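Note that the structure is predicted; figures quoted are calculated from it, not measured.
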Amino acid sequence: MKLISTRDSNKKEVSYGQSVLAGLAPDGGLYYPHDLPKLNAGAIKELSKGTYIQITAKLKYLFAAESFSEKELTEIMSRAYSTDKFPHVSEGGNITPVRQVKNDIYLQNLSLGPTAAFKDMALQPLGQEMSFLLKKDKTHLRILGATSGDTGSAAESALKGLPNITLFMLSPKRGMSEFQRAQMGNLSGGNIINISVDGRFDDCQDLVKELKSDREFADLGAVNSINWSRISSQVAYYFSGYTQVAEKYGDPIDFVVPSGNFGNVLAGYIAKEMGLPIRKLIVATNENRVLHDLIQTGVYSIRPAQITTSPSMDISKASNFERVLYDILGKNPVSVSKYMKTFADKGRVSFKDFDVDNAAMLQRGFGSGVSTQSDRLKSIAWVRDVCGEVIDPHTADAITVAARLPEDGVPKVCMQTALSVKFESTVQQAIGEVPQREDRFKHIEERLGDEGAFISIAANPEELKDIIREYS
Ligand SMILES: *Cc1c(COP(=O)(O)O)cnc(C)c1O
């Protein structure tokens, strides 16, 4: 299955492996298959049998057969999701267990990996795939990433110590939790370079784009959420979640996804397009409601991101939306380029300007809702009261939105995208106590110690270039 850039009118094809190492396409577009594989009910049933590792390997093979054999993918996924890294693997090898909260509302736990965030689900396989491909090519790759919180430690944990890779990770000086900073700082050293940018997440993302457009740094790889490897790995937990719920409660089902850069819910969209019986994909946002407005009105309008207590959702634009946009604009790269250029120039663009119904997202099965600080606190307390689970503020945003949906007997599976241990102060505010820490996370802040774990820079591309040159 070949991939093309969403903005390339020549439709130049690349292999799965090439897209993994490149991240972003040279024209600024995102890699996406010509057509997604389609599965009928029998094929979905067959594919969903077995352990999580087997499901991911089989699914991944549909996308990546050109670059890996099915056996190689099984080995890659076995290393990515080993019990070492996912200590809570339950019987039957289920690493994304679903539980009922109350009535129609369920939680699917995507955060049982090494850094307690759902980013592990996609980044652990990405690290293994990259390492495999680079070894084969006998080349070295410099990677530049940007994180608003969870991507940083998850990427570093996935790439730490892998030969042939150096990772430069940008993070905003403000907006991350102590725990997140400590997790990243603890991974500094060797092939992992942590860089703290005086600005916000969007400034970090802009720096990445800026360097990629400079010839000297055009070969930089990416691990941020636009990498096709990440999206295609994430499709698997929708199959797993669906199977767990549908077996007991019937289908179709809804997923409610706490969203930022639109990577997680995009994987759900792909699962749905492949034939998985998903009724609705509901995007939950926090106060940064760019995606909510886009889905409800068809207008994509940039806004300065405000810092909230669900910081991984603090975005002013959502990079991965471009892949759904590609489908909505009739797979026309000229229209996509024009749309994205309008957005970049004017900070605002509407489907209507492209002869597309402003309800296009709703028609494709998306829904949305907004959750604010007081909602988050209430949702954390509510879930604790009704089922005993202490959730994190991002997951709480999904719960808020799910709880407002009509109760109609269709299961609403809320994605649990981080563990509460990472956001103790908000949890304490909500329920008056901090969540219990597993042993592996005890005293992590104290272990950080030295300030030198992060290199500080202004949001200035020249400073960043100097650092990358120095470490290359
Ligand atoms: C990254 C992240 C999100 C947002 O996911 P996207 O794929 O960027 O939409 C939500 N919650 C948590 C905890 C995250 O780390």
Side-chain angles (χ1 to χ4, degrees), residues 84-88 110-124 127 143-162 166-201 203-204 223-224 260 307-314 376 380 390-396 416-430 433-457 467:
D84 233 34
K85 290 177 166 160
F86 288 75
H88 301 283
L110 308 180
S111 305
L112 297 176
T115 69
F118 93 101
K119 304 278 194 302
D120 291 327
M121 299 303 300
L123 283 163
Q124 289 293 335
I143 295 172
L144 179 61
T147 181
S148 58
D150 287 336
T151 310
S153 54
E156 291 171 7
S157 156
L159 299 179
K160 180 85 183 169
L162 290 181
T166 308
L167 174 61
F168 299 88
M169 182 56 70
L170 308 179
S171 56
K173 195 154 264 169
R174 289 176 298 276
M176 287 201 304
S177 76
E178 275 290 292
F179 188 96
Q180 286 176 320
R181 282 186 70 80
Q183 272 188 312
M184 288 177 61
N186 272 293
L187 289 159
S188 281
N191 65 333
I192 308 293
I193 324 283
N194 272 310
I195 301 170
S196 178
V197 176
D198 194 359
R200 294 163 193 250
F201 175 53
D203 298 314
C204 299
V223 292
N224 46 27
I307 292 172
T308 73
T309 56
S310 44
S312 296
M313 296 156 68
D314 292 349
R376 276 191 284 285
I380 292 170
V390 179
I391 57 168
D392 91 291
H394 304 79
T395 309
Q416 194 167 358
T417 52
L419 295 188
S420 56
V421 65
K422 305 185 82 165
F423 303 96
E424 284 175 345
S425 63
T426 304
V427 171
Q428 179 160 36
Q429 220 183 322
E433 61 192 31
V434 294
Q436 287 253 319
R437 279 196 186 189
E438 292 172 50
D439 283 347
R440 61 188 177 132
F441 298 125
K442 279 184 183 150
H443 309 298
I444 183 167
E445 294 90 340
E446 292 149 41
R447 274 183 266 148
L448 177 57
D450 101 72
E451 281 290 310
F454 289 82
I455 301 171
S456 291
I457 64 167
I467 289 169

Apply side chain to side chain contact (heavy atoms under 4.5 Å, CB included) to residues Phe423 and Gln429 and explain how you reach the verdict.
CA-CA 10 Å; Phe423 303 96; Gln429 220 183 322; over 6 Å; no
Test Ile307 against Arg174 for side chain to side chain contact (heavy atoms under 4.5 Å, CB included), laying out the working first.
CA-CA 8 Å; Ile307 292 172; Arg174 289 176 298 276; 4.2 Å; yes
Mind running side chain to side chain contact (heavy atoms under 4.5 Å, CB included) on Met169 and Val223 for me, showing each step along the way?
CA-CA 9 Å; Met169 182 56 70; Val223 292; 4.1 Å; yes
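Looking at Glu424 and Glu178, their side chains never come closer than 4.5 Å, going by heavy atoms from C-beta outward. Looking only at side-chain heavy atoms (C-beta outward), Phe454 and Arg181 come within less than 4.5 Å of each other.
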For residues 193-201, dump all side-chain donor-acceptor pairs below 3.5 Å to protein atoms at least two apart in sequence or in another chain.
residue : atom : partner : partner atom : Å
Asn194  : ND2  : Glu156  : OE1          : 3.4
Asn194  : ND2  : Met184  : O            : 3.0
Asn194  : ND2  : Ser188  : OG           : 2.8
Arg200  : NH1  : Ala305  : O            : 2.6

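Of all the heavy atoms in Cys204 and Ser171, the pair that sits closest is SG-C, 3.7 Å. Scanning both residues, Asp392 and Ala418, for their nearest heavy atoms gives OD1-O, 3.2 Å. Taking both residues in full, the closest heavy atoms of Ile444 and Ala182 are given as O-CB, 4.1 Å, listed atom of the first, atom of the second, then distance. Of all heavy-atom pairs between Arg440 and Gly113, the closest is NH1-O, 3.2 Å. Here the closest heavy-atom approach between residue Ile391 and residue Val427 is recorded as O-CG2, 3.9 Å. Nearest heavy atom pair, residue Ala116 against residue Val421, reads CB-CG1, 4.5 Å.
Note: His394 NE2 to Asp314 CG = 7.0 Å, rounded to the nearest 0.5 Å. Rounded to the nearest 0.5 Å, atoms CD (Gln124) and CG (Leu159) are 8.5 Å apart. Distance check: Leu170 CG to Thr151 OG1 gives 11.5 Å after rounding to the nearest 0.5 Å. Taken from NZ in Lys422 to CZ in Phe441, the straight-line distance is 7.5 Å, to the nearest 0.5 Å. The distance from the CZ atom of Phe118 to the CG atom of Leu419 is 13.0 Å, given to the nearest 0.5 Å. One finds the OG atom of Ser420 at 10.0 Å from the CD atom of Gln436 (value rounded to the nearest 0.5 Å).
Donor-acceptor pairing under 3.5 Å is lacking for the side chains of Thr426 and Arg376.
The main-chain N or O of Gln183 is never found under 3.5 Å from a side-chain atom of Ser153 such that the two would form a donor-acceptor pair. The closest donor-acceptor contact from the side chain of Lys160 to the backbone of Gly189 lies under 3.5 Å.
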